[in-house]
Structures are given as C-alpha cells and as structure tokens.
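Encoded as structure tokens, the structure appears first; notes follow it.
In each ligand, atom 1 is the first atom listed, and ligand 1 is the first ligand listed. Note: hydrogens, waters and symmetry copies are ignored here, and every other heavy atom, side chains too, is used.
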Amino acid sequence: MKLLDIIVPVYNEEACINKTIERLLKLKEAFKGKLNINYIFINDGSKDGTAKILEENAKKDKNIKVINFSRNFGHQMALSAGLDYSKGDYIAIIDADLQDPPELIYDMYEKSLEGYDIVYGKRLKRKKETVFKKLSAWGFYRVLKSMCNLDIPTDTGDFRFITKDVRKAFNKMREKHRFVRGMIPWLGFKSAPLPYIRDERIAGETKYPLSKMLKLAFDGIYSFSFKPINFIFILSAVTFFVSIIIAILGFFTEFEEEIIISFVLFLVGSINLLAIGILGQYIGRIYDETRNRPLYIIKNSINL
Ligand code: UDP
Ligand code: MG
C-alpha cells in the first residue's frame, strides 16, 4: 500500500500536542485500505514538555516519528527537515495547533486523485485571530503577489498535500532563507486549492511573534523579487527631479536657505540609508548562501 507522511512542525506546543496527535491518529481510519500513514513531528527546539510528550507517543505507536532539533531553527526549517526525511508517496503538511482541520487531509487526497500534484489549503476565513494578524496577513499576501512574477496563491499558508514528485523537486532547493509557501508554487506542477475556514488555536499562544512574522515576510519578498532594487532606481530618479525643482525654486524665490539645505540633506541621507539597507538584505542573503551551513541540526530522532 502507498504511504502518506504527515509532517507536523512543533515548537513549545505542550498545551496542544496530545489533542493534535489524537485527532491526527483518527486519520488512520479514514485512510484504511487506501494509504498507510506515518506522522513526522519535528520538534523545533521546544523548551517546554513537548519533547517528552512526543517521545511517549512515539513509544506507543511506531508510525509516530520524531525529529528533535538541537535548538529553535524556525518553522520553515522544521518543514524542510520533515520533507528531507519523508519517504512517502504523498506528503501532507499541517500545523500542530489544529487551526487547520486534519480531516481535510482526506479531502486533499481525494482532490489530488483528480490529477493534481499539489492541493493547498486556501483560507476563506480566520476564526478568532487578532485584527492585526488578519489585516497584516491580508496585506502581505497581496503585496507579495504584486511584487513577484510568480503566481503565489493568496491567503495560503503551509497546509498542503503534495506528491512525492513535488517533494523530490523541492528537496533539491537548498536555499538558506526559506519561504516554503512560495518555493512550492515555484516548482510548477498541477495544483488546486481546497478552500477552508481556519479554526482558532486549540490552546497556547501563537509561536509567530511579530519578529518571526516579519522575517518570514522579508524572506518571501527578497527571495522571490528584485522589485525592491527597481524601487531604489525609481526613487533615485524622483529625488533627482525633486532636487532640480528645489534648486530652481531656490534660485528664483526667497526661500530660507538653511531650511532647504537641511531638508535636502535629510532626504538624500535617508534615501541613501534605505538603498543601503535594501542592498544589504540581498548581500546578507548571498553571504548566508556562500557560507553554506546546514539548514538545521538534528539532536536525535525516534522511530526514524
Ligand atoms: N513553529 C515551529 N517553529 C517556530 C514557530 C512555530 O515549528 O519557531 C510551529 C508551531 O508549533 C505550529 C506552526 O509552526 O505548529 C505554526 O505556528 P503558529 O500556529 O504559532 O503560527 P500562527 O498560526 O499563529 O501563524
Ligand atoms: Mg497556528
């Protein structure tokens, strides 16, 4: 029988993980006679009791596999490790907090049988998330879409179902700054959305504070677009014409010279810093690629 690997990144989820495992194990019933299931939990350096709970569950069920990272490497690295170690014919990626209903993995499988290599969960609605989170996510997906030449689906996270062909192609991409929800569409393949309503987290708090959200957003933009550099170019043209206009005005009118000079200095200074900052983002990424460090370090694994 063919194998389905369900990949679950986990970071400090002691409040949810038992319930999540319970609901994920129920999928064995749904897939009975169709697919065998392995569950790959990637413990991303949790500091709470997550590792212990995962170990206890893995002892009871050999289909539960655990990869323990040596520290917190981030959600995108945890997903990448899951995909590296997966041997399945099909792979599903799902969060550990039950915001994405596990039962939909079966619907994704059925959809994939219609001839799709990728079936991605498209969020129609997000239940009980903060207005800030909803607004920033809504804005981000649209800004990203307008900046990339690639068709990255909007309102789509990492909850998705893929075939092993997609996994194999994905695993060839070893870039250090990862935006998995953009990297998978980049691969091509036939894909289809599965619309769903995103539930609220069953317990605990988001493990995506603003700093991690921003990192993910920048990785998405800088890894998939050169538009920020084009933006500097356009900005330089704008400041050039603004300076000419100010110079002409200064020549023909009685402006306060100090005010004009300090305004121009501030303007040019801040635009220079912005340009250096944008270039720095690309250069830092080149530096990370040339150092070629491993994406993550595994401390140990269970049942793998
Ligand atoms: N996660 C992770 N490493 C991190 C942060 C999060 O593995 O550094 C996991 C987390 O345990 C969850 C998933 O990534 O399974 C998504 O995180 P979360 O639900 O906190 O994000 P949100 O849904 O609030 O965007
Ligand atoms: Mg969540």
Can you list the residues that meet the ring-ring contact (aromatic ring centres under 6.0 Å, His included) rule with F73, with sequence neighbours excluded?
F69

Under the salt bridge (charged side-chain N to carboxylate O under 4.0 Å, His left out) rule, collect the residues that match up with K172, sequence neighbours excluded.
none

R291 charged N/C atom sitting above Y287 aromatic ring, 6.0 Å / 45°
yes

Could you check whether any side-chain N or O of K127 sits under 3.5 Å from a backbone N or O of Q99, counting only pairs where one atom can act as donor and the other as acceptor?
no

Per the side-chain hydrogen bond (donor to acceptor under 3.5 Å, both in side chains) rule, which among K65, K168, R167, K164 passes with S86?
R167

In a simple table, one pair per line, please give the protein and ligand 1 atom names for every N or O pair closer than 3.5 Å, along with the distance.
residue, atom, partner, partner atom, Å
ligand 1, 3 (N), D44, OD2, 2.6
ligand 1, 3 (N), H75, N, 3.4
ligand 1, 8 (O), D44, OD2, 3.4
ligand 1, 8 (O), N72, ND2, 3.1
ligand 1, 8 (O), K212, NZ, 2.7
ligand 1, 11 (O), Y11, N, 2.9
ligand 1, 11 (O), E13, OE2, 2.6
ligand 1, 15 (O), P9, O, 2.8
ligand 1, 15 (O), A96, N, 2.8
ligand 1, 19 (O), D97, OD2, 2.7
ligand 1, 19 (O), R201, NH2, 3.1
ligand 1, 20 (O), R201, NH2, 3.0
ligand 1, 20 (O), T206, OG1, 3.4
ligand 1, 20 (O), K207, N, 2.5
ligand 1, 23 (O), Q99, OE1, 2.7
ligand 1, 23 (O), R198, NH1, 3.3
ligand 1, 24 (O), K133, NZ, 3.3
ligand 1, 24 (O), T206, OG1, 2.6
ligand 1, 25 (O), K133, NZ, 2.8

May I ask you to check whether H75 and Y11 place their ring centres under 6.0 Å from each other?
no

Before we go on, tell me: are the rings of F159 and Y196 under 6.0 Å apart, centre to centre?
yes

Would you confirm whether the ring centroid of Y282 sits within less than 6.0 angstrom of the ring centroid of F226?
yes

Reported OH-to-CG distance for the pair Y109 and L194, which is rounded to 0.5 angstrom
15.0 Å

Within less than 2.8 Å of the Mg ion (ligand 2): protein N, O or S atom count
2

